[in-house]
Novice: 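Attaching a single structure in structure tokens format; questions to follow.
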Amino acid sequence: MSHSVLLLPGDYIGQEIVPEAEKVLARVCELYDLDISTDYALIGGAAYDAEGDPLPPSTLEKARAADAIVLGAVGGPAYDHLDRDLRPEKGLLRIRSELGLFGNLRPAIMYPQLVDASSLKPELVSGLDILIVRELTGGIYFGQPRGIRRLENGEREGFNTYVYSESEIRRIARMAFELAQKRGGRVCSVDKANVLEATVLWREVVTELAADYPGVELEHMYVDNAAMQLVRAPKQFDVIVTGNMFGDILSDAAAMLTGSIGMLPSASLNESGQGIYEPCHGSAPDIAGQGKANPLATILSVAMMLRYSLACPAGADCIEAAVGQVLDQGLRTPDIAGSGVASVSTSQMGDAVVSALQKS
Ligand code: IPM
Ligand code: MG
């Protein structure tokens with residue numbers, strides 16, 4: 001069966017890491033005899049520069065037609081002065097929304113080789129394997145009304161709306177329960193039901209749905225406590241399900257537990273299994289253009305793509321094994337090298353993964 005993959009490098013280090021992921025995908029296609037065609041398009045600041053729009057219609061059209069998308073990262077200081085609707089981040093939010101990618105999976109897995117790179121003590125993080133399931137197309141990120149308005153007293157006021165419908169809550173919770181069934185069998189739903197009505201409903205709907213999944217243990221936690229527990233005893237979690245904003249914040253914290261946000265892939269899925277696969281990290285303008293970026297999060301995102309959108313779990317396993325192997329070989333980009341340890345460049349890391357790929 002043939003598949004099409006759209007590559008959207010975006011800005012800054014996005015343009016360095018996506019080509020590494022493409023190399024890895026090409027080699028997996030050879031090994032597993034997959035017929036995957038690839039194409040490139042612009043998003044974010046790069047698209048704004050070329051076409052005055054962070055998500056040009058031509059990109060959206062290609063994205064709709066693709067079976068899956070690999071995205072680098074968007075944004076950077078060069079674009080911070082732009083109107084909100086023209087900012088690179090808006091391009092990302094729009095493509096997520098246009099494609100209906102409501103389910104964002106962010107696994108935080110501790111590679112044994114990197115235990116010393118974590119900011120927590122080895123005994124707290126070794127063997128860590130958490131999956132954060134973040135709702136991605138609703139909540140306060142998209143709620144209306146929103147804006148900055150002028151009050152009668154002349155002062156300005158900024159406002160946003162935190163809103164979730166039952167159906168939005170139910171579909172993301174269902175995804176979390178189903179994923180939990182295939183792994184540790186536990187879901188922790190994170191909310192702020194002691195203060196926010198939108199999350200009182202969240203808690204109710206998740207609790208109702210739990211009845212359909214008797215084999216899964218459900219726990220509820222307030223987001224402030226969840227943040228504390230993540231840095232106190234992260235191994236207590238299996239699957240965490242939460243809204244858009246809380247998921248954004250908690251997934252960065254979870255990423256750091258594993259040593260570097262440069263290691264963490266993600267998948268953003270819609271009802272039909274189409275997805276955007278992107279690293280959890282940003283565009284890192286400070287290290288762009290120097291070959292310092294870690295391509296592994298994007299490469300591991302390609303593994304998730306093979307598993308969730310392209311029906312090739314063996315290819316996914318093969319990439320994950322190759323990443324383990326290059327780490328065993330001691331190859332490190334600067335973010336995971338630790339002080340005094342020699343590091344390799346972005347493309348050296350990509351090449352090493354390609355060489356380590358082996359059909360099992
Ligand atoms: C993420 C990023 C985005 C988000 C930004 C760039 C809009 O932080 O993917 O986590 O907040 O969703
Ligand atoms: Mg984020």
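Just so you know, ligand 1 is whichever comes first in the structure, and atom 1 is the first atom listed for that ligand.
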Novice: If you group Ile, Leu, Val, Met, Phe, Trp and Tyr by side-chain heavy-atom gaps below 4.5 Å, do I109 and M305 land in one group?
Specialist: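 Different hydrophobic clusters.
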Novice: Filter on side-chain hydrogen bond (donor to acceptor under 3.5 Å, both in side chains), then keep only pairs touching residues 234-245, sequence neighbours left out; what's left?
Specialist: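 The answer is R134-N244, R183-D238, Q229-Q236.
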Novice: For Y32, is the NZ or CZ atom of K359 found under 6.0 angstrom from the centre of its six-membered ring and inside 45 degrees of the ring axis?
Specialist: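 Relative to the ring axis of Y32, which defines the angle, K359 lies inside both limits.
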Novice: Number the atoms of ligand 1 from 1 as they appear, then name those within less than 4.0 Å of a heavy atom of Y141, with their elements.
Specialist: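 Listed by number with element: 4 (C), 11 (O), 12 (O).
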Novice: For residues H281 and G262, report the shortest heavy-atom separation together with the two atoms involved.
Specialist: CD2-CA, 4.0 Å
Novice: Which residue holds the protein heavy atom closest to atom 1 (C) of ligand 1, what is that atom called, and what is the gap in Å?
Specialist: R106 NH2, 3.4 Å
Novice: Would a distance-only check, ignoring hydrogens and angles, find a side-chain to backbone donor-acceptor pair under 3.5 Å from S301 to Y277?
Specialist: no
Novice: Return the closest protein heavy atom for atom 10 (O) of ligand 1 as residue, atom name and distance.
Specialist: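 Result: D248 OD1, 2.9 Å.
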Novice: Can you confirm whether D67 sits close enough to V5 that some side-chain heavy atom of one is under 4.5 Å from a side-chain heavy atom of the other?
Specialist: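 Answer no - side chains too far apart.
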Novice: Any cation-pi pair here, R146 with F159, using under 6.0 Å and within 45°?
Specialist: no
Novice: Any heavy atom of R96 sitting closer than 4.0 Å to ligand 1?
Specialist: yes
Novice: Determine how many protein N/O/S atoms sit closer than 2.8 Å to the Mg ion (ligand 2), leaving waters out since they are not shown.
Specialist: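 N, O or S atoms of the protein closer than 2.8 Å: 1.
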Novice: Between Y213 and F177, what is the ring plane arrangement, given parallel below 30°, perpendicular above 60°, and tilted in between?
Specialist: parallel
Novice: Under a heavy-atom criterion of less than 4.0 Å, does M245 contact ligand 1?
Specialist: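 No, M245 has no heavy atom closer than 4.0 Å to ligand 1.
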Novice: Among protein heavy atoms, which sits nearest to atom 6 (C) of ligand 1, and what does the distance come to when rounded to 0.1 Å?
Specialist: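 Checked against all protein heavy atoms, atom 6 (C) of ligand 1 sits closest to E89 CG, 3.9 Å.
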Novice: So, regarding R134 and ligand 1 (criterion: nitrogen or oxygen to nitrogen or oxygen, under 3.5 Å), is there a contact or not?
Specialist: yes
Novice: Taking atom types as modelled, is there a side-chain donor on Y141 or S97 under 3.5 Å from an acceptor on the other?
Specialist: no
